[in-house]
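Here is the structure we will look at.
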Amino acid sequence: MKKVLLFAMILTVPLLGQKLYQQFDYVSVEGKVITRGGDAVVGCLVELRELVSGGVSEHSGDVLSGNNTSVSPGWGRSNVAAVSTGSRNVENLKKVGWARTDSEGHYKMEGIPVPGDYLLIVKGQKGFKKTQMPLRVDKAVGDLFHVQDLILDKYVELDRKTRKRLAKAEKFLKAGKLDDAEKLLNEIKSEHQELPSVYVSLGNIYLKKKDYGNAYQSLAKAFQLGEQNPGLCMTAAKIAFSTHKFNEVLPYLKAILNQKPDDLNALYLGGVCRYNLHRFKEAERFFDRYLKVKKGDSHEVSFLYVYGMTEMALKHNAKAAQYLDLAYRGGLKADANYLKNLAGLYLSVKNKKDAKRILNDLLTKFPQFDGRKESQKVFDSL
């Protein structure tokens, strides 16, 4: 099976009684707080705050600017961007709920308005780093919204000398002195191997140097240590995808979708990776989710192509013909084999009209190709 790499990828209502303001539902939000080793964190205060766009990262890494995570035709190694630690100042974000974990690490907050974009926060928990996780709560299906486990990492106490060196490395980064910053950060890493912000900063340095192998290793380590903001995850996913490490892409996409279930880029790339891994049924589910978010309409040639190829692999011939034909009419550069396959799909579902149309294009555009005589005979018989 050919690997698919992305190309460069009224209702009238009566006025009387009409409500002209946003309608909110209210749900309870529940989840569990655990350590990275899987143990429950007891008596932990969990807060939920309204997420306002434009929050500023508190920590190092690099400035998160221009971080375009879109999956578009032509992306690859060249357009991955700087990433941040994903930690932001929350003091000006309105608190909408809070709760403490019980003996099993569970918490529950009631009266949370939906839809809404929120930030789930743990801070001030002795022995652990403060942790944040973006959370989207859409219109409720029921009264309870289950959140993925919130994972806490151990807090590493830094001495004054190390803090000063981190600040110095940050100054080097901002001044563009990448070699100086890299040397200093590697010294700190050798002494403190559990600091994700160091790996994020090193990842940014390697990205700027176009050293994508070391950039990926650094970002993957930061991810392993708990730094899983969507920008970092998508950057790591892009690098892994560009080297055909499709299995390695999936955990990064899962982390994104846990935080942003309707992220089109993660859904699309998740489907493409599963296609390349021959997990066609799973790929189909991701493409269906993608279409649902797009409200059933997509004109992107790369999406139509890989969706059609997935349906062909599943022997859903009518659907495969529909999407592969849409890709072709949308501008896909089709070779003779593509058109032969498309005509064959139409013939398999007894759609002679469209089969003849495609065969006519095939015979007109390609004077010579393997199987031309047979194609001409089929065309003449229709």
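Values below: all heavy atoms of this structure, side chains included; hydrogens, waters and symmetry mates excluded. Owing to the predicted nature of the structure, the values given are computational and were not obtained by experimental measurement.
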Sidechain N-carboxylate O distance under 4.0 Å for Asp179, Lys183: no
Hey, can you tell me if Tyr323 and Tyr307 have their rings parallel, tilted or perpendicular (30° and 60° cut-offs)? tilted
Closest non-hydrogen contact found for Gly105 with Ala40 is N-CB, 3.7 Å
Tell me the closest heavy-atom pair linking Ala266 and Met234, and the distance in Å. N-CE, 3.9 Å
Ignoring hydrogens, what is the shortest heavy-atom contact between Asn317 and Ser348? Give both atom names and the distance. ND2-OG, 3.0 Å
Starting from the C-alpha separation in whole Å, work towards a yes-or-no answer on salt bridge (charged side-chain N to carboxylate O under 4.0 Å, His left out) for Lys292 and Asp288. CA-CA 6 Å; Lys292 184 177 180 181; Asp288 286 343; over 6 Å; no
State, to 0.1 Å, how close Glu182 and Ile205 come at their nearest heavy-atom pair, and which atoms those are. N-CD1, 3.6 Å
Verify the cluster assignment for Phe366 and Phe379: are they in a single hydrophobic cluster under the rule of side-chain heavy atoms below 4.5 Å apart? yes
Is it the case that the side chain of Lys340 and the backbone of Asp370 share a donor-acceptor pair, with hydrogens and angles ignored and the cut-off at 3.5 Å? yes
Partner of Phe303 under ring-ring contact (aromatic ring centres under 6.0 Å, His included), chosen from Tyr290, Phe286, Tyr275: Tyr290
Has Glu47 got a side-chain atom pairing as donor or acceptor with Lys123's backbone, closer than 3.5 angstrom? no
Minimal heavy-atom distance between Ala318 and Val349, with the atoms involved, is N-CG1, 3.7 Å
Using 4.0 Å as the upper bound for N to carboxylate O, is an ion pair formed by Arg165 and Glu191? yes
Any cation-pi pair here, Lys352 with Tyr346, using under 6.0 Å and within 45°? no
How far apart are the C-alpha atoms of Tyr206 and Tyr212, what are their side-chain angles, what is the distance that settles it, and do they pass the ring pair (Phe, Tyr, Trp, His ring centres under 6.0 Å) test? CA-CA 6 Å; Tyr206 295 132; Tyr212 296 107; over 10 Å; no
Passing option when Arg274 is tested against Leu250, Leu269, Thr310 for side-chain contact (heavy atoms from CB on, under 4.5 Å): Leu250
